[in-house]
2 protein chains.
Amino acid sequence: MNMAKNTENQTLLPEPTIRRLPWYLSYVRMLDNLHVEYVSSTQISKELNVQSSQIAKDLSFLNIRGKTRMGYEVSRLVVELEAFLGFNSHHDAVVIGTGSLGAALMQDRGLEHYGLNIVAGFDVRPDVVGKRLGGLPVLDISELESWQREHHVSIAILTVPVESAQETADLLIASGIKALWNFTPYRIKAPDDVVIANTSIYAHLAIIYNRMHNTNNDTRQG
Amino acid sequence: MNMAKNTENQTLLPEPTIRRLPWYLSYVRMLDNLHVEYVSSTQISKELNVQSSQIAKDLSFLNIRGKTRMGYEVSRLVVELEAFLGFNSHHDAVVIGTGSLGAALMQDRGLEHYGLNIVAGFDVRPDVVGKRLGGLPVLDISELESWQREHHVSIAILTVPVESAQETADLLIASGIKALWNFTPYRIKAPDDVVIANTSIYAHLAIIYNRMHNTNNDTRQG
């Protein structure tokens, strides 16, 4: 993993900004495919329903400046956003727990376009250990520590059952993992120098149910 | 879909509360499996690293009260959290775009434990339309409108390529979909009475890269 590439990416960005940048990227990628040359923050604002002053502020973190009356050069904005978000670097990762979600992530080539390079999966189940998923090996979790001494992977994707979340996280951290992408609904405890990103798909479901119920309860009985 | 079951779920909950409730649920489910009878907010606080006053406040939305010196009855807390979050109701959903992520979600039985009942997938690709995934039919997106007239599904899981996100969303909304679970990095525009939940897995990756880089740049070269 080459972190040196990422030289601009030195600031601890506010999380809301990081959440918006991929929206801008997907929009300007589309414009780039349509050979559009320039885009203004006003135009991005209309399309994405984000205030144009906020867009200008978010993009000010990047190594790019808009031209008066023209706006941002689309092709450069794509490149700068990808670089800034780390999507054009390669970050090796392991998947821990190769159940349905873990297996899906191992077979999903889409993540490569965002710089994530999954190199192996780990599991405890004898019937899956030793097999391959998406061309990648599934290894026994007991081999993780010795495997890590050779591979030094920084990112682990945690897709184990919730009951095993914390003990698995402890094991990963002991073996040198620096960032945990946690897909379990468990709140992992970890030292401050370990990055934890929670993708709470169950929380999102709860939000959908709650909002839907409240949006609809005047208009339909369900 | 029986919304009447969800009678307590009438409040538009603050999103941070909805995000924390599944953490409490996964913890108290574990306690329940260990036959623990009571749990205090202090105990939950220590385990999950959330202030106990915050926990008490979050749980005050529920139809349960803690007992002095004892805390909350674990088994009832599980039931009340599940009911409140909508995880013990059945919510029918369709998957739109049966690529790797969409196909994985159709085959993931885990979502059923959170009340989500996927009934069909839709796609545009002739080589997948007509096949089955996880025992469920994959239908042509052109059939969606007539299919919906019979099935009245409220939730669509959007896992199409980003370029098709908005036009597919428009089609879904026109066919009566009330909630969109958006897995694309595109910011969907929709009328106010349609619920949009964004699961921005790419944004989470960017957060990992940014935080990891900043956490580590003093201590290792990568």
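This structure is a prediction, so every number in the text was calculated from the model and none was measured. Each chain gets a letter, A, B and so on, in the order its sequence line appears, and its residues count up from 1.
Here the closest non-hydrogen pair linking Ile18(B) and Ala203(A) is CG2-O, 4.0 Å.
Using bins of under 30°, 30° to 60° and over 60° for the plane-to-plane angle, the ring pair Tyr209(B)/Phe87(A) lands in the perpendicular bin.
The side-chain hydrogen bond (donor to acceptor under 3.5 Å, both in side chains) with His204(A) is formed by just one residue from the set Thr199(B), Asn198(B), Asn182(B); it is Thr199(B).
Expressed to the nearest 0.5 Å, how far CG of Leu180(B) lies from CE of Met212(A) amounts to 11.0 Å. How far OH of Tyr186(A) is from OH of Tyr27(B): 7.0 Å, rounded to the nearest 0.5 Å. Atom CG of Leu105(A) is separated from atom CG of Leu101(B) by 7.5 Å, given to the nearest 0.5 angstrom. Rounded to the nearest 0.5 angstrom, Leu205(A) CG and Ile155(B) CD1 are separated by 7.0 Å. The line from CG of Leu111(A) to OG of Ser100(B) is 8.0 Å long, rounded to the nearest 0.5 Å. How far CD1 of Ile208(A) is from NE2 of His91(B): 10.0 Å, rounded to the nearest 0.5 Å.
You'll find the side chain of Pro185(A) reaches within 4.5 Å of the side chain of Tyr114(B), heavy atoms only.
Environment of CD in Gln51(B): sparse, with no more than 12 heavy atoms of neighbouring residues, nucleotides or ligands closer than 6.0 Å.
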Give the intermediate values and the outcome of side chain to side chain contact (heavy atoms under 4.5 Å, CB included) for residues Tyr202(B) and Leu85(A). CA-CA 9 Å; Tyr202(B) 309 111; Leu85(A) 289 165; over 6 Å; no
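By a heavy-atom distance cut of under 4.5 Å, Gly115(A), Leu116(A) are the residues of residues 115-124 of chain A near chain B, going up by number.
Screening residues 17-32 of chain B for salt bridge (Lys or Arg N to Asp or Glu O under 4.0 Å), with sequence neighbours left out, gives Glu15(B)-Arg19(B), Arg20(B)-Asp58(B), Arg29(B)-Glu82(B).
Of the two parts of Glu47(A), the backbone and the side chain both hold a non-hydrogen atom closer than 4.5 Å to a non-hydrogen atom of chain B.
One N or O on the side chain of Arg187(B) and one on the backbone of Leu48(A) form a donor-acceptor pair closer than 3.5 Å.
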